Number of protein chains: 2
Amino acid sequence: MDANRQKRLEARARILKAVGNASRLLILEELAQGEKCVADLTQAVGNDISTVSKHLSLLKSVGLVRDEKRGNQVFYTLLAPCVLNFFDCVESVLEARVQHQIEMIG
Amino acid sequence: MDANRQKRLEARARILKAVGNASRLLILEELAQGEKCVADLTQAVGNDISTVSKHLSLLKSVGLVRDEKRGNQVFYTLLAPCVLNFFDCVESVLEARVQHQIEMIG
DNA sequence: CTCCTATTTGCAATATTGGCCAAATAGGCA
DNA sequence: TGCCTATTTGGCCAATATTGCAAATAGGAG
């Protein structure tokens with residue numbers, strides 16, 4: 001396969017991989033409501049704060065979120081709200097799967 | 001965090017995770033052009049055929065593709081073309097990142 | 001400066017993924 | 001039946017990802 005295509009696909013995969021994790025999806029959903037600090041997100045996710053911090057730094061490294069320090073807190077903001085559109089597609093896949101299972105049974 | 005929300009997020013993550021891999025992205029792009037058999041996809045991806053077969057079975061298990069055996073070949077079809085829309089969003093994230101880097105330098 | 005709070009980083013343990021090879025399976029054809 | 005081709009499955013290993021704890025860092029307040 002073409003090396004350029006490979007590079008392009010890997011760059012895309014890195015971003016999509018960042019979205020393919022339940023904790024990070026939750027973080028993105030929370031950020032969809034507006035900026036949040038790490039402590040707030042930690043509360044929502046339920047993991048150790050250090051774990052959440054690492055998820056955030058991953059999301060930041062691929063460009064999905066931005067961070068801003070104010071006082072001794074760090075606020076994270078969703079940079080690419082378009083990822084929220086993924087959910088509709090994903091839901092349709094889940095729907096279709098349920099439908100398929102019903103057909104198998106019936 | 002709510003257990004139902006957790007379940008829902010994990011179901012979504014499973015699908016998105018399936019898309020977050022360069023080889024599987026390539027497979028999805030190939031399938032966007034129409035159904036292909038495993039050998040064709042193997043040629044395009046460049047991995048061992050057993051590896052490609054596993055990628056396909058993963059994509060199938062999350063409901064993104066469908067398989068159909070005809071003769072001694074198995075043809076795979078894209079079930080959720082909406083995943084192709086992810087690419088626009090992902091490209092915009094990559095673009096924004098480049099832009100950000102330029103600002104850092106400049 | 002010292003203490004307190006918020007966050008990040010380093011480290012180690014564990015889990016998951018991606019890959020290949022070899023073996024198994026399945027269909028078609030002689 | 002036996003052979004050939006196409007695909008899947010099982011086993012295994014290396015690389016990567018996820019997590020928590022403890023230590024480090026950074027900013028604000030006294």
Side-chain angles (χ1 to χ4, degrees), chain A residues 1 3 5-7 9-28 30-31 35-62 64-78, chain B residues 1 6-7 9-31 35-78:
Chain A
M1 125 168 72
R5 191 177 187 190
Q6 176 73 17
K7 287 273 178 210
L9 289 170
E10 275 169 10
R12 288 179 173 189
R14 225 169 300 129
I15 295 170
L16 289 167
K17 198 172 299 192
V19 184
N21 172 279
S23 299
R24 289 192 294 268
L25 281 181
L26 177 49
I27 290 173
L28 292 172
E30 292 295 315
L31 292 182
E35 69 168 21
K36 298 263 168 91
C37 71
V38 182
D40 287 349
L41 294 169
T42 298
Q43 159 97 27
V45 175
N47 285 334
D48 191 271
I49 190 169
S50 72
T51 300
V52 173
S53 174
K54 277 166 193 165
H55 282 312
L56 287 165
S57 102
L58 175 62
L59 290 172
K60 182 184 163 193
S61 77
V62 300
L64 286 173
V65 305
R66 186 171 56 82
D67 64 342
E68 184 186 337
K69 185 160 221 163
R70 287 206 299 277
N72 52 0
Q73 285 174 302
V74 178
F75 291 89
Y76 280 87
T77 313
L78 185 57
Chain B
M1 125 168 73
Q6 177 72 18
K7 286 273 176 207
L9 289 170
E10 276 169 10
R12 287 179 172 187
R14 225 170 297 130
I15 295 172
L16 290 166
K17 197 174 298 190
V19 185
N21 172 277
S23 300
R24 290 193 293 268
L25 281 181
L26 177 49
I27 290 173
L28 292 172
E29 278 190 359
E30 291 294 314
L31 292 182
E35 67 166 22
K36 299 263 168 89
C37 71
V38 182
D40 287 350
L41 293 168
T42 298
Q43 159 96 29
V45 175
N47 286 335
D48 190 89
I49 189 171
S50 70
T51 300
V52 173
S53 173
K54 277 169 189 166
H55 281 314
L56 286 166
S57 101
L58 175 63
L59 289 172
K60 182 184 162 196
S61 77
V62 300
L64 286 173
V65 304
R66 187 170 56 81
D67 63 342
E68 184 185 338
K69 186 160 221 165
R70 286 204 301 277
N72 52 2
Q73 286 174 302
V74 178
F75 292 88
Y76 280 85
T77 314
L78 185 57

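Since this is a predicted model, take the numbers as computed values, not measurements. Residue numbers start from 1 in every chain, and the chains themselves are labelled A, B, ... in the order their sequence lines are given, proteins ahead of strands.
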To the side chain of [X], which of [options] is closest?
X	options	value
A/V74	C/dT7, D/dG20, D/dT8	C/dT7
B/C37	C/dC21, D/dT19, D/dT7	D/dT7
A/A39	C/dG19, D/dC21, C/dT7	C/dT7
A/S53	D/dT7, D/dT19, C/dT8	C/dT8

Round to a whole Å and report the spacing from [atom1] of [X] to [atom2] of [N].
X	N	atom1	atom2	result
B/L58	C/dT17	CG	P	8 Å
B/Q73	C/dC29	CD	P	12 Å
B/D40	D/dT7	CG	P	8 Å
B/Q6	D/dT18	CD	P	14 Å
A/E68	C/dA6	CD	C1'	16 Å
B/R14	C/dT17	CZ	C1'	16 Å
A/I49	C/dT9	CD1	P	13 Å
A/R70	D/dA26	CZ	C1'	17 Å

Look at the side-chain N and O atoms of [X] and state whether any lies under 4.0 Å from the OP1 or OP2 oxygen of [N].
X	N	value
A/Y76	C/dT8	yes
A/T51	D/dG20	yes
A/N21	D/dT18	yes
B/H55	C/dG19	yes
B/S23	C/dG19	yes
B/N72	D/dC4	no

CD on B/E29 to CG on B/L25, rounded to 0.5 Å:
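Nearest 0.5 Å value for the CG-CD distance: 7.0 Å.
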Here the gap from B/F75 atom CZ to B/L41 atom CG, rounded to the nearest 0.5 Å, amounts to 10.5 Å
Would you mind telling me which residue lines up with the more 5' stretch of DNA chain D, A/D48 or A/K17, judged by nearest nucleotide?
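The residue closer to the strand's 5' end, by nearest nucleotide, is A/K17.
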Which part of the nucleic acid does B/F75 contact within heavy-atom distance under 4.0 Å: base, sugar-phosphate only, or nothing?
nothing
Looking for any heavy atom pair under 4.0 Å, which part of the strands does B/R24 touch: base, sugar-phosphate only, or nothing?
sugar-phosphate
Tell me, with the steps shown, if B/V38 and B/Q73 meet side-chain contact (heavy atoms from CB on, under 4.5 Å).
CA-CA 8 Å; B/V38 182; B/Q73 286 174 302; over 6 Å; no
Any N/O donor-acceptor pair, A/K69 side-chain to D/dG28 base, under 3.5 Å:
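Result: no qualifying N/O pair found.
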Got B/S53 and B/L56 here, is their nearest side-chain heavy-atom distance under 4.5 Å?
no
What are the two closest heavy atoms between B/A22 and A/L9, and how far apart are they?
O-CD1, 3.9 Å
Heavy atoms of A/H55 and A/S23 approach each other most closely as NE2-CB, 3.7 Å
